[in-house]
Structures are given as C-alpha cells and as structure tokens.
There are 4 protein chains.
Amino acid sequence: MSRGNTRQRIQDVALELFAEQGYEKTSLREISERLGVTKAALYYHFKTKEDILTSAFEDYSKKPYAELIEWARHQPSTLETKLEIMRRYSELILQATPLFRFMQENQATLRDLKIGDDAKQRVFSLLDLIRDKDAPLADQVRCSSALFTMHASLFTLADVDADQEEKRKAALEVAQELVTSAHRGAD
Amino acid sequence: MSRGNTRQRIQDVALELFAEQGYEKTSLREISERLGVTKAALYYHFKTKEDILTSAFEDYSKKPYAELIEWARHQPSTLETKLEIMRRYSELILQATPLFRFMQENQATLRDLKIGDDAKQRVFSLLDLIRDKDAPLADQVRCSSALFTMHASLFTLADVDADQEEKRKAALEVAQELVTSAHRGAD
Amino acid sequence: MSRGNTRQRIQDVALELFAEQGYEKTSLREISERLGVTKAALYYHFKTKEDILTSAFEDYSKKPYAELIEWARHQPSTLETKLEIMRRYSELILQATPLFRFMQENQATLRDLKIGDDAKQRVFSLLDLIRDKDAPLADQVRCSSALFTMHASLFTLADVDADQEEKRKAALEVAQELVTSAHRGAD
Amino acid sequence: MSRGNTRQRIQDVALELFAEQGYEKTSLREISERLGVTKAALYYHFKTKEDILTSAFEDYSKKPYAELIEWARHQPSTLETKLEIMRRYSELILQATPLFRFMQENQATLRDLKIGDDAKQRVFSLLDLIRDKDAPLADQVRCSSALFTMHASLFTLADVDADQEEKRKAALEVAQELVTSAHRGAD
DNA sequence: TATGAATGAGAATTCATTCAT
DNA sequence: TATGAATGAATTCTCATTCAT
C-alpha cells in the first residue's frame, strides 16, 4: 500500500515535527514511529537527516521561487513590480507553510545546515529587488520588515480567528504598504 | 582571580553561544571550554543547562520589563502612550541584545523551555497594550509586525553599515509608524 | 551469531552482577563489556537500566508466582496447604536464584525501584496465606522468619559444603517447622 | 551552638539515610543539607564518605560486641550459654537499630566496604558459638535463621502494631527456640 | 570549625548512522 | 522496499573529593 509516496510522507511528517519541536529536538526515531516504519527505512529514502530537510526544501519551494525570480528579472523596477513580487511571494509562502514555519522558528539551527545559506540568499535576492541600497536606514528596515511580516504572520496570528487566506491578505496589505512607503522615500 | 563574577560570565558566554549556534547545538562542554573551567563548574553555579538560560533571562530582562509594564499600566491608552511604550521597549531590547537575539532565532526550541511561556506572555501583554482586539485584521498585523520589526532588526540589519543605536532608531521609527497607522485605523 | 537470545543474555549477566555488586555499583559499561557489546546495544533491547531488572523480574518469576497464588486460592486454609505453599515456594526460589539473591541483598535499593512494591506485595500475600493476623506476636515472627529463612539460606549457607537441592530441602524443613509451630499456636 | 556533637549528628543522619535509601543513593550533599552545613564541613570531621559509616559502625557496636564475645568466651558451651548469647545479642541490636537496619538492607553494598568483612566475621563468630559444625544441615539452617530472625524482625514487623521492646522479645523467643532445637538435634 | 569554588571521573542516556538479510 | 541489531560519539548530569581562605 501507500506505494511510491513514502518519500513524500517522510518529508511531510519530518517538516511538521521540525517546525513544531525544532530540528534537533526531533529524532529520526520519532519521525519513523509516527510513520509506522523503522528508522532504517528512512535511510532507504534519504542519505541523512539533513537530506530529508534539504530535499523537502527543494521539492516544496525551489521551482516556485525560481519562477518568481525569473519573472521579476524581466520586469521594470517600478513600484507596481515590487508590489506584485510581494503578492506572488505571499502565495508562495502559503503553498509551503510548514517549510516557512520551520525556517522562521529555527533560524539558529538553519545557520549550520546546507539550506541555511540558500534560504539567506533568497531573502537577500528578494530584498535586492524591492529595496534601494542607498536609501536611508529606515527604508531598509521597511523593506526587510515587509518580508518578515509575511514570514511571521501565519504563525503570529495563530490566536486570531480568521482563515489562512484572510491572514495572508492582511499580511500582504501591510507588507505592500511598507514597500510603498520605502519606495516613496527613495524619490 | 575573577572572583564572584563567574556566574555572570557563564550566563554571558552561554547566551552568546546559544544565540549563535542554537540552544541544543551548544553543549556545556563548549561553554565551559570557552570559559576555561570544567563542565562540573557550571553545575556548581546552575542546576541545569536550562537554568543557565532561565536565570539569564531573568537577570537581564525581568526587572526592566516589569518596570515598563508597571509604567504603562498608569498611562492613558493614547497614541502617545503607545509610541512611548515602543520607545522604551526598543531600549530594553538594546540592553539585552544577546537575549533577544537568542529568542528571535530559537523560537521552536523556546517552546519547550520554561521561559518559552514567559516570553510569549510578554509579547502578548505588550500587544494588548498597543492593539485593539476588535480592529480589522490588517491592524492586528501592523501591531505584531511593529514588535517583530524591533526584535528582528538588530540582526536583520547585520549587513548594513551603521551602529546599533542608529539601527535601533530606524527600527523604532518604522515600528511607531505601524502602531500609528493601526491606531488611526481604529478611529 | 548468538541470535535472538541477546536479550536474555543481558538479563542474566545483569542479574548476576546486580546480585554480586549491588544494583547501583553495577554500571551498564560493565554489563556490556562482559557481554562483548556496546552500551548502546543494551538500549536497543531495554529502555532503561531499571527496565533490564524489571523485565528479568517478570520473565523469571511472574508466571510461577501467579500460579502458586492461583493454586493456593483454591485450597482450604489448613496446615497441609500451608506446608505445600512453602514447598512450592522453595522451588520457585530455586528456579530464580539470582533474582532472589538480588532482592535479598539489595533491599534498600529495591525500595525505590518499580519492582520494589511488587516484591513487597508478594511477600505480604504469601504471609497472609500462612499467618493468622490475630495470632500472638511470636507467631507472626515465626511466619515471616519462615519466609526469610528460605530467601536467605541459599546465600547464608555459602560456606557450607552441600549442593543447592540439599540446602533447599534443609531450609524448607526449618521453614515448615516454623509454620507448623505458628499454626499450632493459633489453636 | 551544638558544639562538639557535630560528629555524631553527622553519623546519625548519615546512618538514617543510608538505611532508608541505600548507601550509594545517599549523597553527601543530601546529608549535609539535612544537617544545615556544607559538604565541605563533613570533610572536616571525616576523611571519606566510607569513613562516616566505618566510624559509626565502630562507635555504635564495637564495644558492646567485643564485650559480648569476651563474656561468651568464658562460659561453658551449654544450651543456657547459647540462649543467653542470643538474649544479649538481641539487646545489642536494639541499641544500634539504625546500624543493623542498614546492614540488613545493604548487603550487596556492604560487601565492598571495609566494614563488610568485619560484619561478616561477627556473624560467623556468633554462629560458631551457637552451632555445631558437624550437625546436620537443617541444624545449621536453624542457627543462621535464628540470627537472621533477630536482624530482620525489627523491620519485618513494621506493619505490626507493637512497640520495639515487644518485638525484640518475640524475635528473641523464636530465635531461642531455633537454637534450642538445633542444640537438641546435636545430641 | 567551617565555607565557596572548583575538579576529575564516571554515570545513564540519546542519537544519527550502518549493514547484513 | 524495507527491518533487526548494533555502534561510536556525544550529551547532560552527579558525585566524592580538594583546597585556599
């Protein structure tokens, strides 16, 4: 039964646990138990613990992210473009919620994982698309805050009674305001 | 030599390493080696690994935080009050940078540490002082984003060439804008 | 090689060392070295150090003990029954000598192990079958002394030159005399 | 305050804890905390942990024991002598209850403490005074059981409602019967 | 007659990983 | 496509003991 998709089930369970409890507090034993398989089975599908994470990172976000960047590269650097980048990014995040939750809550850990650098690069690439490096400090803050707002809101608003899509929109609204404000400041 | 202050030296080194590498990736061996003492020495001063963190949390932030809340409690719930809360909070953060850095980057870990609940409570208490629970979702986001902005900026702006005080001011400015915007929305 | 029986080999070696040197003086390192495996191997088979002991206790004595009690429950409370209980118990002890040796010589330790309560319960259950709670103090002493005599004799008579079966019989004889004497006193 | 007797207070508390929880499960920290002093203070009075025990053993039982043996040596080897030995021994035990409780419940531990050999010697010396080495096995058992009965009864009868002196007498009665019975058998 | 600060040795336990089957 | 059995390295923690003051 459940054939072929074992690989993905492992990724999903792992990601969920990594996000919930942290990467190092989550043992392979725990993951395998929750899946009803042996630890050794995980090693049939993945080379290492880190590999489970790395592959999930790629499977869930590599392509959409590349597409976003590719698209942005062909646009003029206007405010409209920046706002659309934010919109697309907010959807990208929503599609890979557990992954972003994991990254948001395990930043220290991330730093010495292979994907840590990638994740950092991505944020900086996005940042470069929306900010002006010579703008005043406050505008830099606005731009990184815009990104952070979207990363964090899904979990920050855990106590608020609303569905994910509404939250996404609210976060996007604020993020876009921040970007707009920073963009204006640059004139 | 170095008499009496061993306890604090332990806290400082631990906090630094916890923030840098994460709580679980930092072993007591590492801490003690960096201090030039034995692992056992740590246990003379603290009951557990977690206790090092807990005590640092309290020694560095309990009093200032309590004072901030105490002060806020006696103020009218005006925009000016809210802005002043943000200002004071930004200074509180600056005084305990390593602690806040740790909390920002180890949220998953924090969740099953004793201080996790405390830290969460604090954020929510502050949030309650600046937000209106019946305001639209976007305004809720503005308020939590304001707090997040200050928590994150010290490290987010690592690549920006400016001193800590300037960064603090820039982050505060953006945070205050967000709070102002949310406050207006509530009218 | 030596397939499948590792679990029991661990129990046996552990029990032997526990009895010889005491439970806490016996380290898992010692057990594993004597078996030619790693400490970690013990943890593949048992959850904790205490679990090795608990499982040995159950594997070696749970069933025979339950059968003894079950049998006794269906007998009339005569002297003959009591003497037969003692006889069966003496054989039960002989079958699990290392276990009883351990319990006899580690009573203080036993008290804060999970099996401590069980062991105590057992002795009291047996005691209830052979003594009369309203009998004079001396008769109470006779009955517990009867049990003690059998528990202790296997090791007490270490310096005496005789085989185990002979010692068992001798101890049983004395124990039965004590029970008989207590029973007569109750008339 | 409490001057001069600190040494004995340490012995008493230690003995009590050793008996209750076992020798190795009892740490010097625990002993010192219960006394309201520092661990280091214990080292002013005693050279090692074992030394606390050794000295207590001597202070509480050396002299009375030596006197008992000395007395016995000058008596004829009659039944009356044996019975009187038991009587005196039962009183000796009562005077040093915690010590005997400790020895009874920590036999495995005792084996690798210095006093272990002493304690063993004593029991064998007493045994030699009351038993006939050429007697049948059952008579050997009677004699060691007599000693065991007295050692164990103080704690075995914990659930029985009677005072220490009554219990001592009851245990003595049974022990004397056993000795008598063994003595008769030797004719 | 004590204490504060520290150490060295060792304990139990956990974990990612391996490999023959 | 898995599992059972095991390992080696590390970790947190505890303890008896020491010594300058």
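As a basis for the values below, the full set of heavy atoms in this structure was taken, side chains included, without hydrogen atoms, waters or symmetry mates. In what follows, chains are A, B, ... by sequence order, proteins preceding strands, each numbered from 1.
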E:dT3 base / D:K39 side chain donor-acceptor hit below 3.5 Å:
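For D:K39, whose side chain was compared with the base of E:dT3, there is no donor-acceptor pair (under 3.5 Å).
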
Using whole Å, report how far [atom1] of [X] lies from [atom2] of [N].
X     : N      : atom1 : atom2 : value
A:Q21 : E:dT14 : CD    : P     : 15 Å
D:F46 : F:dA16 : CZ    : P     : 15 Å
D:K25 : F:dC13 : NZ    : C1'   : 14 Å
B:I52 : F:dT12 : CD1   : C1'   : 11 Å
B:K49 : E:dT14 : NZ    : C1'   : 13 Å
B:E33 : F:dT11 : CD    : C1'   : 13 Å
A:L42 : F:dT1  : CG    : C1'   : 13 Å
C:L53 : E:dA12 : CG    : C1'   : 15 Å

At less than 4.0 Å, is any side-chain N or O atom of [X] found next to OP1 or OP2 of [N]? Yes or no.
X     : N      : answer
D:T6  : E:dT1  : no
A:R29 : E:dA16 : no
A:H45 : F:dA2  : yes

What is the pairing partner of E:dA20, taking Watson-Crick or G-U wobble pairs with both distances under 3.5 Å in any strand?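 Pair assignment: E:dA20 / F:dT3.
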
For this session: Apply side chain to side chain donor-acceptor pair (under 3.5 Å) to B:Q11 and B:D59, showing your working.
Result: CA-CA 9 Å; B:Q11 288 174 330; B:D59 292 1; 3.1 Å; yes

Which one, [options], comes nearest to the side chain of [X]?
X     : options               : result
B:Y43 : E:dT17, F:dT12, F:dA6 : F:dT12
C:Y44 : E:dT3, F:dA5, E:dC15  : F:dA5
C:A40 : F:dT7, E:dG8, E:dT17  : F:dT7
B:S27 : E:dA12, F:dA2, F:dT11 : F:dT11
A:T38 : E:dA16, E:dA12, F:dA2 : F:dA2

With A:K49 as the cation and A:Y23 as the aromatic partner, state whether NZ or CZ is under 6.0 Å from the six-membered ring centre and within 45° of the axis.
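Yes.
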
In terms of the angle between their ring planes, are C:F18 and C:F102 parallel, tilted or perpendicular, with boundaries placed at 30° and 60°?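 The arrangement is tilted - the two ring planes meet at 30° to 60°.
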
Nearest-nucleotide wise, let me know which of B:E30 and D:Y23 is further upstream toward the 5' end of DNA chain F.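 The residue mapped nearer the 5' terminus is B:E30.
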
Hey, what do you get for CG (C:L42) to CG (C:L35), rounding to the nearest 0.5 Å?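 Rounded to the nearest 0.5 Å, the CG-CG separation comes to 7.0 Å.
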
Under 4.0 Å between any heavy atoms, over every strand shown, what does A:T26 touch: base, sugar-phosphate, or nothing? Just pick one.
->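 The answer is sugar-phosphate, as A:T26 gets under 4.0 Å only of primed atoms, P, OP1 or OP2.
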
ask   = Are D:Y60 and D:L15 close enough, and set up right, to give a side chain to side chain contact (heavy atoms under 4.5 Å, CB included), and what steps lead you there?
value = CA-CA 11 Å; D:Y60 275 107; D:L15 218 46; 4.3 Å; yes

